[in-house]
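Notes follow once the structure below has been shown.
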2 protein chains.
Amino acid sequence: MPFTLHPQLASDCLPVGDLPLCRVLLMNNRHFPWLILVPRREGLRELFDLSDADYPVVMQEVRDTAQAFAAMTTAHKINVAMLGNMVPQLHIHIIARFTHDAAWPAPVWNTGIKTEPYAEKVFAGKAAEIRSQIGLG
Amino acid sequence: MPFTLHPQLASDCLPVGDLPLCRVLLMNNRHFPWLILVPRREGLRELFDLSDADYPVVMQEVRDTAQAFAAMTTAHKINVAMLGNMVPQLHIHIIARFTHDAAWPAPVWNTGIKTEPYAEKVFAGKAAEIRSQIGLG
């Protein structure tokens, strides 16, 4: 079945590349270095909707991406979350957090902090750096 | 190395039981059916601090627990998150969400909603039900 990215994710994020199973997006908000992994399978809502074969593959992509993103950003802490209360398509947040970031130590959702999109050239550089760090180079 | 539960988790949660690798806690707040899994290993902070051997085991415990908790609670959505901005010991939130709950559709953290502890008897019943549903019966 062909995979279609949820329009809300397509609108909030910028495309970085595809791992073997997950699409990698960058949340278009300069306040937080924030990746979103979306398994390219139709009809997934909960983490446990992933098949027995896909689940460990997705979880390994999450682990490897989180570790590479931590090294790349020198984050103080990585937040990983699967919420999906607003956007029903299964997606996994991987967010680099810093003690000096705009929301610390609160989670990044519903902070009231205004989204700041990346300038086009800045995004191009970030995306290239992320692709290289997570092995999509 | 012996495992010691972080005092903040010990104070906020009630003990439910032990899976092969994770301790299972119930957040002591009647507003949200909310489990916390804590891998019983010393010195873990990030998800990717888990060893190559432990990581898939923990992730399978998360999956099985989330699925059983969804069935038990008839949740509209399960939220799974590893944040750790406040409590550095690696712990995994598994929260049953409802469209009529006190925070929906926002995440459950930093809502300003006052914590409501379980009555002792209610907790005893909940803990027994959870143990039975997640195979600790």
Side-chain angles (χ1 to χ4, degrees), chain A residues 8 32 44-71 73 75-101 103-113 134, chain B residues 8 32 44-71 73 75-101 103-113 134:
Chain A
Q8 190 68 51
F32 308 103
L44 302 177
R45 193 168 158 270
E46 295 282 7
L47 199 54
F48 47 80
D49 291 340
L50 283 160
S51 71
D52 289 351
D54 284 347
Y55 183 75
V57 178
V58 169
M59 287 302 109
Q60 193 58 43
E61 291 186 354
V62 168
R63 183 188 196 189
D64 294 343
T65 302
Q67 188 156 24
F69 201 50
T73 59
H76 176 70
K77 185 71 186 72
I78 295 289
N79 293 170
V80 176
M82 307 78 166
L83 304 178
N85 303 344
M86 315 279 276
V87 173
Q89 183 175 58
L90 178 63
H91 59 287
I92 300 144
H93 301 271
I94 299 176
I95 310 155
R97 302 299 309 274
F98 300 86
T99 54
H100 57 77
D101 75 32
W104 186 267
V108 294
W109 303 275
N110 300 290
T111 55
I113 300 163
I134 67 174
Chain B
Q8 190 67 50
F32 308 103
L44 303 178
R45 192 169 159 270
E46 296 282 7
L47 199 54
F48 46 81
D49 291 340
L50 283 160
S51 72
D52 289 350
D54 284 348
Y55 182 74
V57 178
V58 168
M59 286 302 109
Q60 193 59 43
E61 291 186 355
V62 167
R63 183 188 195 188
D64 294 342
T65 302
Q67 188 156 24
F69 201 48
T73 59
H76 175 71
K77 186 70 187 70
I78 295 288
N79 292 170
V80 176
M82 306 78 167
L83 303 178
N85 302 345
M86 316 279 276
V87 173
Q89 183 175 59
L90 178 63
H91 60 286
I92 300 145
H93 300 272
I94 299 176
I95 309 156
R97 301 301 308 275
F98 300 86
T99 53
H100 57 77
D101 74 32
W104 185 265
V108 294
W109 302 275
N110 300 292
T111 55
I113 300 163
I134 67 174

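Residue numbers start from 1 in every chain, and the chains themselves are labelled A, B, ... in the order their sequence lines are given, proteins ahead of strands.
With sequence neighbours left out, B/D49 forms a side chain to side chain contact (heavy atoms under 4.5 Å, CB included) with B/L44, B/R45, B/E46.
When the heavy atoms of residues 54-62 of chain A are compared with those of chain B, the residues falling under 4.5 Å are A/Y55, A/M59, A/Q60, A/V62, listed by number. Contacts from residues 85-94 of chain B to chain A, taken as heavy-atom pairs separated by less than 4.5 Å, involve B/N85, B/M86 in sequence order.
Residue pairs meeting the salt bridge (Lys or Arg N to Asp or Glu O under 4.0 Å) criterion with at least one member in residues 85-96 of chain B, sequence neighbours excluded, do not occur.
In terms of non-hydrogen atom pairs under 4.5 Å with chain B, the most contact-rich of A/D64, A/I95, A/L50 is A/L50.
Annotation: the span from B/W109 atom CH2 to A/N110 atom CG amounts to 11.0 Å, rounded to 0.5 Å. Between the CE atom in B/M82 and the CD1 atom in A/I78 there is a gap of 13.0 Å [rounded to 0.5 Å].
Taking all atoms of both residues into account, the shortest heavy-atom contact from A/F48 to B/A70 is CZ-CB, 3.6 Å. The two atoms that bring B/L83 and A/N79 nearest to each other are O-ND2, 3.1 Å, heavy atoms only.
The contact between A/R97 and chain B is made entirely by side chain atoms (from C-beta outward), counting heavy-atom distances below 4.5 Å.
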